[in-house]
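Keep in mind the model is a prediction, meaning the values are calculated, not measured. No hydrogens, no waters, no symmetry mates; every other heavy atom, side chains included, goes into these values.
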Amino acid sequence: MNVISSYLQRALALLVFTLAASFANLAAAQNIPGIDPNIEATLLAEGPAKPGETVMLAIRFEPISPEWHGYWENPGDAGYGMQLEWDLPGGWTAGEPLYPVPEQLLISGLMNHIYEGNYAVLVPLTVPTDAAQGVQQIGVAAQWLACTDEICVPEQGELSLALTVGGDAPLDARFVDWRSAIPPMIDSTGTFEVSSSSLRIGIPVPAALDLNDAHIFVANKELGNNRQPRYSAAQRFYRDGDLLVAEISVDELIIPDGVEVETALVPERLTGILAFGDNEGVRFSAEEGGVSTDGELIQGNEPQDVALLPLLLAALAGGLILNIMPCVFPILSLKALSLARAGGSERTAKRDGIAYAAGVILACVALGGIMLALRAAGEQVGWAFQLQEPAVVVVLLVLAVAITANFAGIFELPSISLTQGGKPASAFATGLLAAVAATPCSGPFMAAAIGAALLLPAWQALLLFAVLGFGLALPFLLVGFVPAIRNRLPKPGPWMERFRKAMAIPMGLTALALIWLVSRIGGQGFALMTMVLIAGLFIAFTVVGRLQKHGKMAWPAFGLIAAPFVLFAAFALPASYSAAQSNAAASILEPEEYSAAALANARASGQPVFLWFTADWCVTCKVNESVAIEREATRAAFEQAGVIAMRGDWTRRDAEITAYLTQQGAAGVPLYIWYAPGAEAEQLPQVLTPDSLITAAQRP
C-alpha cells in the first residue's frame, strides 16, 4: 500500500530542524554585502500604472546554477513557500501571488512542489483612482527558500521598483510568457469533502479536456482536524461527465511535544492547481460539500486492482490459525463439547456443522461491516474495536459469567443451551461466541487480509471477512461432513457432563480476565459497580437453577431479581466510568508512549527503535510480552545496542494509533515494528519467539 511511512516523519522533522538552524545561522549573512543569493529575485512591472486600474508585477527568480530550485506556495512535505511584506503608497493594494504550475520532486519519500530553472510569480497591483501622476516607489521584503537535493538555504531580499503612473510606455514583452505560464482559473466552483483517510475534490472541467498524467497541487496546508494532504501518495481520478473527481490520501499533522495546537475546522474553501501535460494546468476553487461517488476511473490504481485471490487465501489461513491462537483459548471448551456432540447421527453432525459455521461467518461479517461503516463515517477504529467500548466489555463479562454458571450446572437454558445436543440453535450460538471471542487478536496471514479490507470496496471487504469466518469454522465443519474424522471422536456418554463442569474452569478464568479488563478500561469504581451487577445476576442464575430442579417456572423469578441490579447498573456504570485513567502498565524496557512526534524524535536520534502496539484485551499480545518482550535478556540486548523502546496501548480507542496501524496495513494488534537507523519500518512476526528481539538488536 502506498502510504506515508514513519521514515517520512523523521525526515521531515530533520529537515525542519535543519531549516530552522540554517535560518538562524544564515539570516545575518543575507544582509552582508558581497554574498550572492543562490536564487536571485527581481521585482518588475509589466508597464506603467494607470489610476483606477490594475498593473501586473512580477517577481522573477533566477537560480545561479541548475541544481538550485524554488518552491510553490505550498511546498509539500518540506520547505516553506515565499513570504512577502509589501511597502506601498497609500491606497495601493497588492493581490494574491499567482504561481505557474509547479513540478513534483520526490526525495527519500518526501514530496516537494518546486520550480527548476527561471520562473516568475505574478502579483496584481491595484492603483487607486486618485493616484498622483509620476514615479512611485514600490517595495517588498521577500523571503524564499533555495534548495538543492542535499542542502537548503533560506534567502531574503529587499526588492524595489520605481513605477511610473501615467504615460504610454511600451509593455514588457517578457510578461507574455510569464502570463501564459499562470494556469487560468476555472469559472465554476467545485466541491470537496474530507474524511479520516482521504480528501475528495469534485472539479468541473469539460469532458473533452484531455488529461494526461493529471496531478492535484492542493494549496491548503491543513484540512481541519489536524490533517493534511498526503503529498507522496498516488492520486486517483474519476470522470463523471463534465465533473472530474480526485481522491487524495490524508495524513495527521505532526505536532511537536509541548506545542499546543487548537484543532482547526475543515476549511470553507479549498484551492489548488489541476496539472496535466507539460506544465499545463488550471486553477480551481472548491467549497465544502458532497462529491459524486460515481464515475469511471481514468487514472490511478483502484483498490479492486489488488489481487483478491491471495487475500482470500490469507484470510482463510488466518481464520484457521485463530483456532490455535491464545486469544481463542477461552472458547475451546465450547468447541470441545460441540465436537463431542457431533458424534451422533450423520444428519445431526452436518446440521450442527452448518449452524456453527453460519454463526461464525455471520459474526465475522457483521463485525467487519460495522467496522467499515464506522470508518466510512470518519471514526478511527480497527479490528476488535468493540473491546475498546466499556459497555461491550461489560456485556461480554455478563455473557462469560452466564456461560460459566451454565457449564457448572447452576442453571439450564431450556432452548439454546450451549451444551445441549441436537439443536442447531446451540451450534449457531457457539459459532457466534467463537467469532466474537476471536476478534481481540490477529494472527499470521490474517493481518494482511484485514488490513487490505480497509481499502477494498465494501463487497470485497465483506467477502474477506466471510472467508476469515469460514477459516475459523472449517475444522468443526470438517468434523460434521467427514465421517472418518467424526468417528475418531469419543462417543457421547456420562463423561460429557463431567467434562462440561470441568470446562467451567477456563470460562471462569475468562470472566476473571474480563473483570480485570473492565478495571483497566473504566477504573476501579467502574469495576466495582460492574461486580455489583454480576453478583446480582449470579444470584438470579442460582435461583433459576433451584427452581428448575424442582420443576417450577424459573425465568419470571430471574427477571424480578435481576431487574433492580440492571437498573442500578444503568445509572451507576456511566457515573463511575473514569476515562482519564492511564492504561500504561509497567514494563522492564521502560518504553516511551507512542505518538507521531515521539516516534519522529526517536528515529531522528539515529538509534534503533522497537515499537510495539498492544491492548489489555489481546491475549496474544500478553503472551508475546511475557515470552519475548518483558525479559531481562531482551532488556540487556536493548541496552547494549542502544535500542529505544516505544509502546502504543490500544486498550482504549486512540485515533493516532489507529492511523498508524492503518498506515502499516494492519487492522488490529499485536503489531511489532523495528526501525534500524536510517531504514524503513520492518514488521516483525505477530508471534514472537524468546530470541526474536535479541536477534534484531544484535544485527550489525
Side-chain angles (χ1 to χ4, degrees), residues 330-331 362-363 366-367 369-371 373-374 377 379-381 384-408 410-418 429 432-433 435-437 439-440 504 507-548 553-583 615-617 650-655:
I331 56 97
L362 177 63
L367 289 170
I370 294 172
M371 180 186 73
L374 290 174
E379 296 289 335
Q380 287 283 8
V381 297
F385 67 93
Q386 70 276 14
L387 294 177
Q388 296 172 327
E389 300 296 335
V392 174
V393 178
V394 170
V395 171
L396 289 176
L397 173 58
V398 170
L399 181 60
V401 170
I403 295 173
T404 301
N406 180 258
F407 273 30
I410 294 176
F411 77 101
E412 297 290 342
L413 290 169
S415 59
I416 58 169
S417 172
L418 297 176
L432 287 174
L433 186 61
V436 172
T439 58
M507 287 309 304
L509 294 175
T510 301
L512 290 176
L514 287 169
I515 292 173
W516 174 77
L517 179 58
V518 164
S519 68
R520 297 285 290 169
I521 290 181
Q524 295 182 355
F526 186 77
L528 180 61
M529 296 301 101
T530 303
M531 290 305 299
V532 173
L533 171 64
I534 295 302
L537 294 177
F538 192 82
I539 293 172
F541 288 139
T542 302
V543 171
V544 166
R546 290 182 178 274
L547 292 174
Q548 286 176 333
M553 185 176 295
W555 291 106
F558 174 84
L560 290 174
I561 298 172
F565 290 94
V566 173
L567 186 62
F568 166 80
F571 290 95
L573 289 178
S576 60
Y577 176 70
S578 175
Q581 180 183 351
S582 173
N583 289 303
D616 289 338
W617 35 260
W650 207 41
T651 302
R652 289 176 175 170
R653 188 180 300 181
D654 187 309

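Taking each heavy atom of Val543 and Ala557 in turn, the nearest pair found is CG1-CB, 4.3 Å. Of all the heavy atoms in Ala400 and Leu514, the pair that sits closest is CB-CD1, 3.9 Å. Taking both residues in full, the closest heavy atoms of Met531 and Ile515 are given as SD-CD1, 3.6 Å, listed atom of the first, atom of the second, then distance. Scanning both residues, Ala504 and Ala408, for their nearest heavy atoms gives CB-N, 3.8 Å.
Atoms CG and CG, from Leu517 and Leu396 in turn, are 9.0 Å apart once rounded to the nearest 0.5 Å. Taking CG of Leu397 as the reference point, atom CD1 of Ile534 lies at 4.0 Å (rounded to 0.5 Å). Rounded to the nearest 0.5 angstrom, Phe571 CZ and Met529 CE are separated by 15.0 Å. Here the CD1 atom belonging to Ile410 is positioned 10.0 Å from the CZ atom belonging to Arg546, to the nearest 0.5 angstrom. If you take CG on Leu533 and CG on Leu528, they are separated by 12.0 Å, rounding to the nearest 0.5 Å. For the atom pair CG of Leu399 and CG of Leu537, the computed distance is 11.5 Å after rounding to the nearest 0.5 Å.
Residues meeting the ring-ring contact (aromatic ring centres under 6.0 Å, His included) test with Phe541, sequence neighbours left out: Phe411, Phe558.
The shortest side-chain heavy-atom distance between Ile521 and Phe526 does not fall under the 4.5 Å cut-off.
Between the side chain of Glu412 and the main chain of Gln548, no donor-acceptor pair closer than 3.5 Å is present.
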